[in-house]
Trainee: 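Can you keep this structure in mind? I'll have questions shortly.
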Amino acid sequence: MSFPDSSQVSGGDRINGAVVLLAGLSGGLGVALSAMAAHVPGGDLLSNAANMLLFHAPAFLALAALRNSGLRGILAGAALVLAVGLALFAGDIASRVMLGHRLFPMAAPVGGSLMIAAWAGIVLAGIVRLARRA
C-alpha cells in the first residue's frame, strides 16, 4: 500500500484526515478515562467525561464520511467546534478529578455550549442539504 506524498493531498483530504484523527483520539481517550474512572476517587465524574468522548467519536467518523456531501465547509466547521467543545468539557472534568482544579472558570459549560453549537451546525447542514434537493 502506498500513501500519497503531501503535495498530492488536497486541503479537503487533510481536513478529513484530521476529523478521522479526532475520532480516534476521542474514542481512545474515552476508553482510557473509562478505565481510570473505575480506579480513582471521583470516578463518577470522570465517567461523564469518558462518555462524552465515546459518544462523539462516531460523530467525527460520520462527519468524515460525509466529506463528499457538498457541505464540506459547514461540516468541517462543525467538527472543529465539536472538537474544541469536547476538549474543554472533558478536559475540565478530567482536570478536576486528576489535578484537583479546573482548566479555567466555566470551561465545562463553555465546552458544552460549543458542543451544542456544533450539533446545531450539523442540523444546519441537513437543512441546507434538504433545501438543495427541493
Trainee: Would you compute the distance between atom NE2 of H56 and atom CE of M115 and round it to the nearest 0.5 angstrom?
Mentor: 5.5 Å
Trainee: For the residue pair A125 and L75, what are the closest heavy atoms and their distance?
Mentor: CB-CD2, 3.6 Å
Trainee: Please find the pair of heavy atoms, one from A50 and one from L33, that lie closest to each other, and give the distance.
Mentor: CB-CB, 3.7 Å
Trainee: Heavy atoms only: give me the nearest A78-A118 pair and the separation to one decimal.
Mentor: O-CB, 3.4 Å
Trainee: Are R102 and S95 close enough, and set up right, to give a side-chain contact (heavy atoms from CB on, under 4.5 Å), and what steps lead you there?
Mentor: CA-CA 6 Å; R102 296 173 167 262; S95 179; 5.9 Å; no
Trainee: So which heavy atom on R96 is nearest to which on A108, and how close?
Mentor: NH2-CB, 3.6 Å
Trainee: Please give me the minimum heavy-atom distance between I93 and L45, naming the atom from each residue.
Mentor: CG2-O, 3.2 Å
Trainee: What's the spacing between R14 CZ and L21 CG if we round to 0.5 Å?
Mentor: 13.5 Å
Trainee: State yes or no: do V40 and M52 share one hydrophobic cluster built from I, L, V, M, F, W and Y residues joined by side-chain heavy-atom distances below 4.5 Å, directly or via other members?
Mentor: yes
Trainee: Are L86 and I122 linked, directly or through other ILVMFWY residues, by side chains that come within less than 4.5 angstrom of each other?
Mentor: yes
Trainee: Give the C-alpha distance, both sets of side-chain angles, the deciding distance and a yes or no for side-chain contact (heavy atoms from CB on, under 4.5 Å) between I15 and L80.
Mentor: CA-CA 10 Å; I15 291 169; L80 175 63; over 6 Å; no
Trainee: Is there a path of hydrophobic side-chain contacts, each under 4.5 Å between heavy atoms, that joins V84 and M106?
Mentor: yes
Trainee: I'd like to know whether L88 forms a side-chain contact (heavy atoms from CB on, under 4.5 Å) with F104, so could you lay out the CA-CA distance, the side-chain angles of the two residues, the decisive distance to 0.1 Å, and finally the verdict.
Mentor: CA-CA 9 Å; L88 288 175; F104 57 86; 3.7 Å; yes
Trainee: Does one hydrophobic cluster hold both I74 and F60, with members joined at side-chain heavy-atom distances below 4.5 Å?
Mentor: yes
Trainee: Identify the heavy atoms of A57 and G27 that sit nearest to each other, and give their distance.
Mentor: CB-N, 3.6 Å
Trainee: Evaluate the side-chain contact (heavy atoms from CB on, under 4.5 Å) criterion for residues L82 and W119: first the C-alpha distance (whole Å), next the side-chain angles of each, then the deciding distance (0.1 Å), finally the verdict.
Mentor: CA-CA 8 Å; L82 186 60; W119 283 104; 4.0 Å; yes
Trainee: Contact between V110 and D92 at the side-chain level, heavy atoms closer than 4.5 Å - yes or no?
Mentor: no
Trainee: Are L53 and F55 connected in the hydrophobic side-chain network, where two residues link if heavy atoms are under 4.5 Å apart?
Mentor: no
